[in-house]
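What follows is a single structure, written as structure tokens, with notes after it.
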Amino acid sequence: MARHLITSAIPYINGIKHLGNLVGSQLPADLYARYLRARGHEVMFLCATDEHGTPAELAAAKAGKPVAEYCAEMHEVQSGIADGFGLSFDHFGRSSSPQNHALTQHFAGRLADAGHIREVSEKQVYSNADGRFLPDRYIEGTCPNCGYDKARGDQCENCTKQLDPTDLIEPRSAVSGSTDLEVRETKHLYLRQSQMKDQLDAWIDSKSDWPVLTTSIAKKWLHDGDGLRDRGITRDLNWGIPVRRGKEDWPGMEGKVFYVWFDAPIEYIACAAEWAEANGRPDADWERWWRTDKGADDVRYTQFMGKDNVPFHTLSFPATLIGSGEPWKMVDHLKSFNYLNYDGGQFSTSQGRGIFMDQALEILPADYWRWWLLSHAPESSDSEFTWENFQQSVNKDLADVLGNFVSRITKFCRSRFGEAVPQGGDYGADEAALISDLTDMLARYETAMEQMEVRKSAAELRAIWARGNEYLQSVAPWTLFKTDPGQAAAQTRLGLNLARLFAVLSSPFLPTASEKILTALNATDTSWPDDLNSFLRELEPGHGFDVPDVLFAKITDEQAEDWSTRFSGVRD
RNA sequence: GGCGUUAUAGCUCAGUUGGUUAGAGCGAACGACUCAUAAUCGUUAGGUCGGUGGUUCAAGUCCACCUAACGCCA
């Protein structure tokens, strides 16, 4: 038994995430958390919504709501959808929480005290009419490059040219349309990551077991060009965590907030504090996960994220933790994913392209999505979602191989022996061979799961299901029943025990279906198998069961075609 | 324009440090079985590994160039 801290990259608040976002962090993190819990480990699995920054403000404005209210509502929506997918967070927090405010300010203060923060004067556009600075997307004007009159301060959407707000011709406020603008000096804080470069480099070198994808991205940022660059960690916005030096005011920083990328990863820690508060626990209960001086020294910490998040998790956030000079728990293993593409292109939140989490749950139960996404997780390279592949995989794996196994064995038993585990005969050579095979397969499955090889785990699990069908096919109790009903009873007994085994082993991937099978079998003990010889005898003769409803209805050609059409365009 | 990633059977993907006949699942064909969601089990057929040229006794696996797709940056 070990202690595992697991975090998933925190999804941004402005709307519902698509399946590419889901498979890139939350879903594999959930798989790992469920597996470790099933193996009896103590797990703290945390996730939250990332609520600060310009896009949140703009989305709120578009929805006609105060940003705080908008975020609160969207948090509830995302939380509900996470539940719908069976994401088993111990806590789903919010980066706007009081805990994160306090911690972020605390870290900034510690970093400043240690000399890791410098002040920089910059020129920014200020709107007199709005009484505020206009960063990036808050300013519009005519593109100096192509003449498009709705170019944004950071980029022209027409010619895609990256812009500086001061480049725009006839600039105006995107908030009020006012052209009463001026360029003002404004001061900002920069995190001096560059002076921690060697420490970060050494730290990453010590992580020899990290995926190549992860270390290569980190190394690139560390060594390319001028090397690791200092990052601005403040912004002239209203929505965010006010810049304070610990609990003190920060002269010259009045009215400014921390940049979203500074406070978002700190929420991983704050989320544990939120968890403690929500459960009426003392601070020591969350600190034992995060402070190596308060019990976290034996914690194994694993982060899950898409590849776009790697630099922040390998460099910026560690720089924050190291720079604080305090004994915070650092990540031990970092599992990053590539992108999932949709029918030849990218999933896109801004363009509304692809399948979004709420829509997915409207058309099919979570287990279908969990299975396909995990068994096709973009681990080594980008991977591709197509409706045809989805339909075929799900029908074959879930309906035909697993679902039908449970169906055939329970129905066969009911028709020949009744709805109770039959008595008679005993396991023989065929059964010994099966158990021996399954023991090897189980070991491979466990190894793959422990190493977070998601696709491989799915393939091993599927092979275990298929081995069950192979067994039934070869011993053919329906034939033997005519000549040796006792031995047929033993085979059927084993078949029913196999169904329970499959349910237990599948629970990290398919929590809902797993539970359905166990309920139908009246199986109360769901503990992970230790020794298959004894495990496969635990449903004893006379143990009553029910034939479950169809576990996985097949996706019909009509449905696949219908959905393919429905999701071919752009979401409203 | 710079940097980076990817390019393996019809489809989705595996292929450790270069080494005998390149693997899996799906799909296809054929066969077996009939308990089951027309499910299952078995067999077979399909790639010379994007292209060209190198290094090597030996390359899908290293190098160069080219092509294509994607991504990041400018």
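Values reported hereafter were calculated over all heavy atoms of this structure, with side chains retained and with hydrogens, waters and symmetry mates removed. Lettering of chains follows the sequences in order, A, B, ..., and the numbering in each one begins at 1.
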For this session: With C1' as the reference atom in both, quote the distance from B/U12 to B/A58 in angstrom, rounded to an integer.
Result: 32 Å
For this session: Please report, rounded to the nearest Å, how far the P atom of B/U40 is from the CG atom of A/L402.
Result: 12 Å
Exercise. According to the Watson-Crick and G-U wobble definitions, with both distances under 3.5 Å, which nucleotide is paired to B/U16?
Worked result: none
Exercise. Does NZ or CZ of A/K335 come closer than 6.0 Å to the centre of the six-membered ring of A/F337, within 45° of the ring's axis?
Worked result: yes
Problem set entry | A/V550, nearest nucleotide to its side chain (from B/U40, B/U12, B/U37) | B/U37
For this session: Could you work out the separation of B/G25 and B/U8 based on their C1' atoms and round it to a whole Å?
Result: 15 Å
For this session: Flag yes if more than 12 heavy atoms outside A/D549 fall under 6.0 Å of its CG atom; otherwise flag no.
Result: no
Exercise. Base, sugar-phosphate, or nothing: which does A/L551 touch, judged by heavy atoms less than 4.0 Å apart?
Worked result: base
Problem set entry | Exercise: identify the closest heavy-atom pair between A/Q26 and A/P11 | NE2-CG, 3.6 Å
Problem set entry | Toward the 5' end of RNA chain B, by each residue's nearest nucleotide, A/N469 or A/D549 | A/D549
Exercise. Is any side-chain N or O of A/R462 closer than 4.0 Å to OP1 or OP2 of B/C26?
Worked result: yes
Exercise. Hey, does A/S383 reach any base, or is it just sugar-phosphate, or nothing, if we go heavy atoms under 4.0 Å?
Worked result: sugar-phosphate
Exercise. Would you say the ring centroid of A/F317 lies under 6.0 angstrom from that of A/F312?
Worked result: no
Exercise. Given the C1' atoms of B/U61 and B/A7, what is the spacing between them in whole Å?
Worked result: 15 Å
Exercise. With no angle test and no hydrogens, is the base of B/A36 tied to the side chain of A/N404 by a donor-acceptor pair under 3.5 Å?
Worked result: yes
For this session: Using a heavy-atom cut-off of under 4.0 Å over every strand shown, decide if A/A466 touches base, sugar-phosphate, or nothing.
Result: sugar-phosphate
Exercise. Over how many whole Å does the gap from A/W465 atom CH2 to B/A24 atom P extend?
Worked result: 20 Å
Problem set entry | Touch class at under 4.0 angstrom, heavy-atom based, for A/F552 against every strand present | base
Exercise. For A/K396 and B/U37, what is the distance between atoms NZ and P respectively, to the nearest whole Å?
Worked result: 16 Å
Problem set entry | Whole-angstrom distance between B/A28 and B/A64, as gauged at atom P | 43 Å
For this session: Count the heavy atoms belonging to other residues, nucleotides or ligands that lie under 6.0 Å from CD of A/E419, then report whether that count exceeds 12.
Result: yes
For this session: Tell me which of A/Y339 and A/W372 sits closer to the 5' end of RNA chain B, going by the nucleotide each one is nearest to.
Result: A/W372
For this session: Write down the distance separating the C1' atoms in B/U40 and B/U34, rounded off to the nearest Å.
Result: 9 Å
Problem set entry | Span that lies between the P atom of B/U52 and that of B/G60, in whole angstrom | 13 Å
Exercise. Can A/W478 be called stacked on B/C35 when the rule is centres closer than 5.5 Å and an angle between planes below 30°?
Worked result: yes
Exercise. For atom C1', what is the distance between B/U17 and B/C13, given to the nearest Å?
Worked result: 23 Å
For this session: Compute both the distance and the angle, then confirm whether A/R493 meets the cation-pi test with A/F417: under 6.0 Å from the six-membered ring centre, within 45 degrees of the axis.
Result: no
